[in-house]
Amino acid sequence: MKTLCTPLEHVNRRLLLKGALTTAAGGALMNWGGLFNSDAMAKEVKKQGKHCILIWLQGGCSQFETFDMKVGRPTGGPFREISTNVAGARVCELMPGIAQKMDKLTVIRSMRTSQVDHGGGTYSMHTGWTRTPAVRFPEIGAIVAKYCGDVESNLPSFIKIGSGGGGAGLLGPQYDSFALDRDGGLPRNSASRFPAEQELRRHRLRNFVENQFAQDRSAEPIRVHQEAYDRARRLNNVRDRFELDAEWAKSRNNYGNSKIGRRMMTAARLVEAGVAFVEVRHTDYDFHGDNFEGHKALVPPMEHAWAALLEDLEARGLLDDTLVVWMGEIGRTPKINNRCGRDHYVRSWSTALAGGGVKGGLVYGESDKDGVDVKENKVTEGDLFATIYTALGVDPKTENFAGVRPIPLAQFGHRVVKDILI
Amino acid sequence: MQIKEPVQRWQLLFEGDWATSVVFLGGSRRIAAGNKLGEIFVWELPENPPGQSKAEKKDSEPPDFAPVRRLDGHTNGISQLRASSDGKTLISAGLDHTIRIWDVDASASGTEIVVVDQKNRERKARSKSSEEKEKILNAPGTQVETVAATHILKGHNGWIFSLGISADGKRLISGDDSSLSIVWDLTTKKEISRWRGHNHTWVRSAALSPDGKTAFTGEYGGKRDNFDIPAAQASLWNCEDGSLKLDLLKLWTPKVKDEARTDSYSYLTVWVKLLGRGLVCASFSPDGKILAVGQGGEGGGKIHLVDVESGKILRTLVGHRLGACDVTFSSDNQYVLSSGRDTTVRIWQVADGKEVAVLTKPLGAKYKDWMHSVAVSPNQEMVAAADIAGLVHVWQLKS
C-alpha cells in the first residue's frame, strides 16, 4: 500500500537551509563538525577510501526466520535450515543466496539492545546511543560522511534510499542525508528550474549578498548555508549518476526483479561513484501478525538482492573497502503470539556485517536453545557501532562537541568486538 | 441439514501445536486432524459423550477423548486435509512439499505413547502441591497406533498451501508457494495437468468442482516490493489441460485497465475490497453451481458466493470480524459454513445469505484463537472445527 511521504523524503537542501537559518537566527550554535579535534583524523581516514552500505530492515526482521533458527523448538516456526558455504553455519531456507555468500559475512547472533519500540530502536540503531533531549547524536551515515566522505565531490557523501533515521545531529546539517525516492531516483524537486548559466549567476549573487551579511556576524551558519546551496547546485552536474535505467536493465537478473534489488544496485553504483555512505531501506517487517507468511514474502527478494550486491561489489573490486551492514531496529520475540506473529524483542537478536574490515564466514555469539537470551558474547548497540567505526578506520573514541561538551562517536563503555575485525 | 440449538459434544485436546485442518472420515464419529508440527491424529468417538451431571455440564468444558491413531510421515506442518466420501482415504498436504495419501484402516506399523494434553496438564497442576503436580504432569499418555502413508505425491518444491478433492475422490488439486497448481489422478497417482499463475504469488486456495473438471485457484502475493506483480488473482481453470477458463478478478473489476492490474500499489485499493489479503479458502457446492471463497488476513473476512457458470458474485456474506480461514458447504447445498480468525464458526443460508447460527463466541470468550478449519459430517449432523490453540471442537447441530 502506498504510504504518504514524510518531510525527510523531500530534498535535503531544504533541511540544510533550515538548519543553517535556525542557527543564523540566534539559536545555540553547536560545534558542527567538531573542528577542534577530529578534522585531522577525518583527513587521514578519507585517504583509506572506505565506504559503508547499510541495509536497513525497518520494522524488525526476525532472527528466527533468518540467522538464528530454532528448528524443532516451540519458538522455531515452520521454516527449515539450509547449509551454507561455510561448514557448520546454517541459515533459514528463505536465504539460499546469502547461504552461498556466508564466507563473506560475520553474523552476530547475540545482539542485546535497549530500545524495544520502533522509534527508540531506529534512533539507537542509527546512532548507537539512546535518545536524550540534551544531545542530538549523529547517525552513522553522517559520521561516515564526515570521516570518509569527500567534501569536494559533487555527489552527497550520505545518501538514503528511503527516509528515516536519527539525522546528523551535532555534526551539523552539512552531514545530513540526501534522500532519494523509493526507487533510487533523484527527488523531482532536486532539479534546477534555470539554465546552468543563469543558475551560476544566481549562485554568485547569493554568495555576494551573504558574504556582505556575514561580515559583522558569526560566519559558521552562513558558511553552512552557502555550502548547502553550493552542494545542491553541484548535484545537478552529476545527475547522470542517478540515471540507472540502462544499468538496471543489465543488472536486473542478478539483483532480482524487485524494488529492493534496484535500490541495492543503486547503492553499489553510488559507492562506485564515490559516495561514502548509502542506506538502503526495506520496510514492513513488523509482523505482529502472520509473521511467517510476511517473512516468506519479504526476505527472499531482499536476500537475493543482498547476495547480488556482495557479488557485484566484489566483482568491481569494492568489497574490501565497503562495509555492508545488515540490521533493523529490533528483533522479534521467541514466542509466537495468537495472531501467528512475533512481537518486538531486544534481549537476543541478530545482525550481520560483510566486506571491508570484517572477517568472513564467522558466526559471533550465541543465543540459548529457545532464543530467549544471549548465551555468550553479548553485543550492545554501543559495541556494534564502535566495531563498525573501527572497521571503517574511524576511532570510536573520536570526539565531537555538543556546545562545549565532548561526545565520542560510540557510546561510553563500549567494547570493540575485535574477534569480528580483520 | 437441520440446525436446532447446536450443542458442543466434544473438545478434543491436540495441544502439540496449532491445529490446522480437520475432516470427518465417512461417518460423524471418526475424525482426523493435523497440526503445524506435521502430526495427524485420528479419533474414533463413541456415540455419546460420557454422562455428566447438570452441574458438571454447566461448569466444565465439553469432554475430551483420546485419539486412536497417528499418521506418521510429514516433516513439517500440515496445511490441509481432505477425505474421500467413504472416509477410507485421507489426503494431507504439508509445508514439507509433499502430499501424502493414507489408508485410514491400514494395518498399524506400531504403537506409541503420546501426550496430547500437555497444556491442560500444566493448567491443572498450577495450583497443586509439588507431589500432585508431579503426578499430573507425569501421568501416562495415550497409546496410539502409528500408520505410514501408502503413497507420497511429489511435484511441488515449496509449501503446499491448498488442496481440493472431487466428489468422487478420483481427482485432487494442490497449489504451492511458487504459484504452481497441479491436478492429480488419484487412481494412478499421476499428474493430469499443471499450470503456473503469476510469478511470486502463492496459491492460497484451490478447489475442484464435484465432477473434477473445473478448478478454482486463489492467488495472493505477499511480495509487495516487487515490480509488475499482480498482488492477487482469482481464476477458474480447465483441469484437463490447465487452460484458463475465467479470470474472475478481471470479471469483477471491469473498470480497472489491464496496465493498472500489473501495479500492486494502484491496484491494491481495488482488489483489496474483493480479495482482502487473498482468498485463502474455497469450496464448490456439492451440485457444482456455486463457489464459496473467503477473504483471509487480518481485515474483514467476507465470504463471496460465486456463480460458477458466469463467474458473477451472487452475494457476499459479511459477519467475520477478522479474516476467514475455511469454508465448506453442507451436502444438501443449503448452507455454507465458515470459520475465521474472529474465533467463530458461522452457518449461512445459501439462498439468501442469512446467518443462521454462530457456533462459537467471538474473541474474548473461552475461545482464544482462530478457528482455522471447519468440516461437516457426511450425514450433516455434526460440525468440527480446529483452532490454533490446539483444540478440535465437535458440535451436534440438532440437540
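Below, each value reflects all heavy atoms present in this structure, side chains not excepted, and no hydrogens, waters or symmetry copies.
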Residues of residues 73-83 of chain A with a heavy atom under 4.5 Å from any heavy atom of chain B, in residue-number order, are Pro78(A), Phe79(A), Arg80(A)

With sequence neighbours left out, the residues meeting salt bridge (Lys or Arg N to Asp or Glu O under 4.0 Å) with Glu272(A) are Arg316(A)

Practice task
Output yes when a side-chain donor or acceptor of Trp202(B) lies under 3.5 Å from a complementary backbone atom of Glu293(A), and no otherwise.
Solution key: no

By salt bridge (Lys or Arg N to Asp or Glu O under 4.0 Å), Lys250(A) pairs with (sequence neighbours left out) Glu247(A)

Is the shortest distance from a Lys or Arg side-chain nitrogen in Asp369(B) or Arg339(A) to a carboxylate oxygen in the other one below 4.0 Å?
no

The side-chain contact (heavy atoms from CB on, under 4.5 Å) partners of Ser162(B) (sequence neighbours excluded) come to Val203(B), Ala206(B)

Mark yes when over 12 heavy atoms from residues, nucleotides or ligands other than Arg241(A) sit less than 6.0 Å from its CZ; otherwise mark no. no

Got more than 12 heavy atoms from elsewhere within 6.0 Å of CG, Asp240(A)? yes

Taking every heavy atom of Asn338(A) against every heavy atom of Trp370(B), the minimum-distance pair comes out as O-NE1, 3.2 Å

One option among Gly294(A), Gly72(A), Gly289(A), Cys340(A) has the most heavy-atom pairs under 4.5 Å with chain B, and it is Cys340(A)

